[in-house]
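Have a look at the structure below, then the notes.
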Amino acid sequence: MGKDTISDIITAIRNADMNRKGTVRIPSTNITKNIVTILLREGFIENARKHRESNKDFLVLTLRHRRNRKGSYKNILNLKRISRPGLRIYSNYQRIPRILGGMGIVILSTSRGIITDREARLERIGGEILCYIW
């Protein structure tokens, strides 16, 4: 794990989803808790629970898979990191992009916490675009 915790958790979730793992373990911080709460609320993951091991807290996420007609699993979770430590991307509420015509979500860091694009448009606030999920 590097210094960019958001990229680390996105990469861990993406890798576990591509390898058809049922669960993934990520470090527990305030930012990761907020992002996992959004993923749970939007239905991208099934379950999240806290796990403590050797004085460190972890979140264990249960991923959601969709079974195809032929019996194989299909990845349903696509994540893309947008704003990074070397290049921050900010947007006002009018210019927040719509992912797949509104089917995907944009996670933003605003003055009112980490929220989705729909909540930001309703509250008419902008912020830093953290990632896209579809």
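Between R112 and I125 the shortest side-chain heavy-atom distance falls below 4.5 Å. Side-chain contact between V36 and I45 is present, with heavy atoms from C-beta onward closer than 4.5 Å. Residues L79 and I13 form a side-chain contact, since some pair of their non-hydrogen atoms from C-beta on lies under 4.5 Å apart. At least one side-chain heavy atom of R81 sits under 4.5 Å from a side-chain heavy atom of L130. Side-chain contact between T116 and E119 is present, with at least one heavy-atom pair separated by less than 4.5 Å. Within the 4.5 Å cutoff, no side-chain heavy atoms of Y90 are placed close to those of I129. Side-chain atoms of P27 and L59, non-hydrogen and from C-beta on, never get closer than 4.5 Å to each other. Using a 4.5 Å heavy-atom cutoff, the side chains of V106 and I99 are in contact.
Crowding of K33 atom NZ: a count of heavy atoms from other residues, nucleotides or ligands under 6.0 Å exceeding 12. Counting non-hydrogen atoms of neighbouring residues, nucleotides and ligands closer than 6.0 angstrom, the CZ atom of R95 reaches no more than 12 such neighbours. In this structure, R41 places its CZ atom where more than 12 heavy-atom neighbours from other residues, nucleotides or ligands lie under 6.0 Å away.
Minimum interatomic distance between T32 and T29 (heavy atoms only, all atoms of both residues): OG1-N, 2.8 Å. In this structure, W134 and F44 approach most closely via the heavy-atom pair C-CE2, 4.2 Å. Of all non-hydrogen atoms in A120 and L108, the two that sit nearest each other are CB-CD1, 4.0 Å. Annotation for T110 and G126: closest pair CG2-O, 3.4 Å, computed over non-hydrogen atoms. When all heavy atoms of S7 and D4 are compared, the closest pair comes out as OG-OD2, 2.6 Å.
Between the side chain of S83 and the main chain of I89, a donor-acceptor pair closer than 3.5 Å is present.
Between R25 and E53 there is a salt bridge, since a side-chain N of the basic residue sits under 4.0 Å from a carboxylate O of the acidic one. Between K3 and D8 there is no salt bridge, since none of the side-chain N atoms of the basic residue sits less than 4.0 Å from a carboxylate O of the acidic one. A salt bridge does not link E123 to R118: none of the charged nitrogens lies less than 4.0 Å from a carboxylate oxygen.
Put simply, the residue from V24, L40, T23 that forms a side-chain contact (heavy atoms from CB on, under 4.5 Å) with T62 is T23.
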*Give the C-alpha distance, both sets of side-chain angles, the deciding distance and a yes or no for side-chain contact (heavy atoms from CB on, under 4.5 Å) between I35 and I107.*
CA-CA 8 Å; I35 291 174; I107 296 181; 4.1 Å; yes

*Verdict with supporting geometry, V60 and K50, side-chain contact (heavy atoms from CB on, under 4.5 Å)*: CA-CA 6 Å; V60 179; K50 267 186 134 172; over 6 Å; no

*Decide yes or no on side-chain contact (heavy atoms from CB on, under 4.5 Å) for R121 and R98, but give the supporting numbers first.*
CA-CA 11 Å; R121 285 189 193 96; R98 294 186 190 275; 3.5 Å; yes

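Atoms CD1 and CD1, from I6 and I31 in turn, are 5.0 Å apart once rounded to the nearest 0.5 Å.
When only modelled atom types and interatomic distance are considered, R124 and Y93 share a side-chain donor-acceptor pair under 3.5 Å. Between E128 and S109, the side chains place no donor N or O within less than 3.5 Å of an acceptor N or O (distance only, hydrogens not considered).
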